[in-house]
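Let me begin by presenting the structure, written as structure tokens, before commenting on it.
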Amino acid sequence: MASVFRHFLLVLVFLDTNAAQPFCVPGCTCSEESFGRTLQCISVSLGKIPGNLSEEFKQVRIENSPLFELPQGSFVNMSTLEYLWLNFNNVSVIHLGALEHLPGLRELRLEGNKLRSVPWTAFRATPFLKVLDLKRNKIDALPELALQFLANLTYLDLSSNRLTVVSKSVFLNWPAYQKPRQPDCGAKIISSLVVALHDNPWVCDCRLRGLVQFVKSITLPVILVNSYLICRGPLSKAGQLFHETELSTCMKPQISTPSANVTIRVGQNVTLRCLTQASPSPTIAWTYPLSMWREFDVLTSSTGEDTALSELAIPAAHLVDSGNYTCMASNSIGKSALVISLHVQPAQALPAPDSLSIPSEGSAYIDLRVVKQTVHGILLEWLAVADTPEEEWFTLYIASDEAIRKEVVHIGPGINTYAVDDLLPGTKYEACLSLEGQPPHQGQCVVFVTGRDGVGLEARERLLHVTVVLCVVLLAVPVGAYAWAAQGPCSCSKWVLRCCPHRRKAPSCPHAAAPSRDGSFREHPAVCDDGEGHIDAEGDKEKEGMEDNS
């Protein structure tokens with residue numbers, strides 16, 4: 001009987017002991033350490049911080065898990081937590097209130113996560129934080145007031161991130177955030193801050209001048225783990241140590257040019273130049289009245305540490321190119337602009353000896369494009385500028401390989417669009433614009449082809465509509481180029497994939513169909529447009545074009 005009673009007491013003790021053990025997260029381990037109770041979740045599939053954790057935990061360690069964010073209120077009822085280690089997870093977002101309810105936190109380690117930024121004001125809730133480990137993340141900025149609520153910090157690790165420029169004020173202001181303590185002897189005690197900044201892609205231009213000087217003359221209370229910081233850029237500074245680098249002060253762009261007034265004749269080539277001095281390096285752009293219609297090559301090169309030369313090349317200038325060309329340079333300090341006036345004068349034809357001077361025929365600059373689709377056709381748009389001061393009328397010719405005669409439309413002054421409706425399927429069209437009374441010249445025409453017909457009017461309209469959507473986008477080309485859509489039995493969508501597989505790869509486009517009965521069409525290069533303004537052109541090199549069954 002006594003043995004039964006003893007066994008019963010042991011069972012009660014065992015049950016009472018198990019009941020006293022706090023609950024532990026499944027898959028994790030809980031242990032008692034010298035500093036208190038610890039939760040460790042290593043390589044456990046946790047998508048979020050476990051809820052309802054015991055208030056007795058002093059340390060929480062979650063590593064190698066898919067944890068991707070720290071939302072607000074992640075640590076409710078954990079006011080006694082002192083050590084939070086979340087290394088090598090996928091944390092990319094820390095919400096502003098994520099550290100609430102952690103007034104006693106002393107260490108926060110987030111090594112090897114995917115943080116691009118940190119809500120530094122969130123540390124207002126952790127006034128006693130001493131260790132902040134953020135190495136091996138993707139942090140690219142450190143605000144000037146980042147340490148405002150980290151007065152008791154003793155170790156900050158920002159190594160192996162993406163910092164390029166940091167103000168020296170971040171560290172110079174840190175002692176001012178501390179509350180000086182007065183011990184019995186009356187002397188002020190200010191703790192030191194150990195900082196790791198190595199293995200970042202530092203850009204050693206004028207913006208980093210303050211930090212470079214700070215590193216060269218660094219003294220207490222800030223101590224660098226590795227003071228041999230290395231410049232990653234610009235190219236002229238790459239590989240240099242901070243201690244070996246001399247950086248100039250920052251300045252807004254200052255622009256100059258060899259000539260602010262340029263005069264040339266029609267047909268001549270001209271290059272406009274602007275020289276910019278700036279630190280840091282500026283971004284240079286050109287603007288001019290016809291930039292939407294006339295695109296010129298711009299070459300910008302560095303001629304010195306703080307100087308850049310930008311050149312805008314205009315080949316075979318036309319009268320329409322006359323105007324003001326503005327060179328604009330900007331950097332983080334400011335921006336400047338310089339205007340260059342270009343004057344294009346008409347060529348003067350010399351009369352033959354002993355002959356009467358006959359006035360020459362008027363001419364015009366014409367750029368004709370297909371700009372978009374309509375319900376049953378396309379919309380043409382053009383830029384037309386006549387050489388004469390009088391307002392000129394223009395003539396628009398529209399022909400197809402199915403029509404016996406060309407359609408002729410007279411366009412009055414001030415009009416620059418025309419809708420071409422009722423397009424036939426599987427048909428090649430040519431549109432040309434010229435001064436009234438003159439035949440169109442090369443570069444004043446655009447050619448396009450519609451897709452094949454379906455069965456029935458509804459199918460035909462749907463096919464034409466889809467063909468226009470897929471192909472007309474490809475037809476916005478500069479003067480002198482010709483646009484081709486699908487021909488033969490191949491659908492437009494297949495042709496697009498074949499002709500324009502990549503924006504920078506030369507296309508393999510189908511060739512022009514045979515000349516029509518009235519001889520109004522000619523062989524022209526095919527052109528593909530990727531929809532972003534990049535044109536890839538190809539002549540008659542490829543012989544694998546699809547056959548035209550029209």
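Worth knowing before you read on, the calculation uses all heavy atoms, side chains too, and leaves out hydrogens, waters and symmetry mates. Residue numbers run from 1 in the order of the sequence given.
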Evaluate the criterion side chain to side chain contact (heavy atoms under 4.5 Å, CB included) for residue pair Leu172 and Phe214; output intermediate values, then yes/no. CA-CA 9 Å; Leu172 287 179; Phe214 174 74; 3.6 Å; yes

Within this structure, what is the CG-CD1 distance for the pair Leu163 and Ile139, rounded to the nearest 0.5 Å?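 Answer rounded to 0.5 Å: 7.0 Å.
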
Can you measure from CG (Leu435) to CD1 (Ile411) and round to the nearest 0.5 angstrom?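 Answer rounded to 0.5 Å: 12.5 Å.
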
For a 4.5 angstrom cut-off between non-hydrogen side-chain atoms, does [X] reach [Y]?
{"X": "Ile218", "Y": "Ser227", "answer": "no"}
{"X": "Val446", "Y": "Trp382", "answer": "no"}
{"X": "Lys335", "Y": "Met328", "answer": "no"}
{"X": "Ile264", "Y": "Leu342", "answer": "yes"}
{"X": "Phe296", "Y": "Asp321", "answer": "yes"}
{"X": "Leu309", "Y": "Arg273", "answer": "yes"}
{"X": "Leu380", "Y": "Val370", "answer": "yes"}
{"X": "Leu96", "Y": "Thr121", "answer": "yes"}

Can you establish whether the number of heavy atoms outside Asn269 located under 6.0 Å from its atom CG is more than 12?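 Counting neighbours around CG of Asn269, more than 12 heavy atoms of other residues, nucleotides or ligands fall under 6.0 Å, so yes.
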
For Lys114, is the NZ atom crowded, meaning more than 12 foreign heavy atoms sit under 6.0 Å from it? no

Specify the closest pair of heavy atoms between [X] and [Y], including all atoms of both residues, with the distance to one decimal.
{"X": "Val93", "Y": "Leu115", "answer": "N-CD2, 4.0 Å"}
{"X": "Ser336", "Y": "Pro253", "answer": "OG-O, 2.6 Å"}
{"X": "Gln345", "Y": "Leu319", "answer": "C-CD2, 3.8 Å"}
{"X": "Pro282", "Y": "Asn331", "answer": "CA-CB, 4.1 Å"}
{"X": "Val262", "Y": "Val270", "answer": "CG1-CG2, 3.8 Å"}
{"X": "Leu158", "Y": "Asn161", "answer": "O-ND2, 3.1 Å"}

Donor-acceptor contact present, side-chain [X] to main-chain [Y], <3.5 Å:
{"X": "Gln240", "Y": "Lys237", "answer": "no"}
{"X": "Arg265", "Y": "Pro346", "answer": "yes"}
{"X": "Ser400", "Y": "Tyr429", "answer": "no"}
{"X": "Ser322", "Y": "Val344", "answer": "yes"}
{"X": "Thr427", "Y": "Pro425", "answer": "yes"}

Would you list the pairs meeting side-chain hydrogen bond (donor to acceptor under 3.5 Å, both in side chains) in which at least one residue belongs to residues 203-218, sequence neighbours left out? Asp205-Arg207, Lys216-Glu246

Write out all pairs satisfying disulfide (SG to SG under 2.5 Å) with one or both partners inside residues 257-310, taking only residues at least two apart or from two chains. Cys274-Cys327

Go through His410 and Val408 one step at a time and tell me if the side chain to side chain contact (heavy atoms under 4.5 Å, CB included) criterion holds. CA-CA 7 Å; His410 298 284; Val408 179; 4.2 Å; yes

Using the six-membered ring wherever Trp is involved, compare the ring planes of Phe242 and Trp202 and label them parallel, tilted or perpendicular (cut-offs 30° and 60°).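 If you compare the ring of Phe242 with that of Trp202, the planes turn out perpendicular.
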
Test log, rule side chain to side chain contact (heavy atoms under 4.5 Å, CB included), inputs Met251 and Gln277: CA-CA 8 Å; Met251 64 176 179; Gln277 286 186 309; 3.9 Å; yes

Between Arg369 and Glu381, does at least one N-O distance fall below 4.0 Å, as a salt bridge requires?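 No, this pair does not count.
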
Residues in ring-ring contact (aromatic ring centres under 6.0 Å, His included) contact with Tyr325, at least two apart in sequence or another chain: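 Tyr288.
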
Qualifying residue for side chain to side chain contact (heavy atoms under 4.5 Å, CB included) with Leu338, from Leu275, Thr326, Ile255, Thr276: Ile255

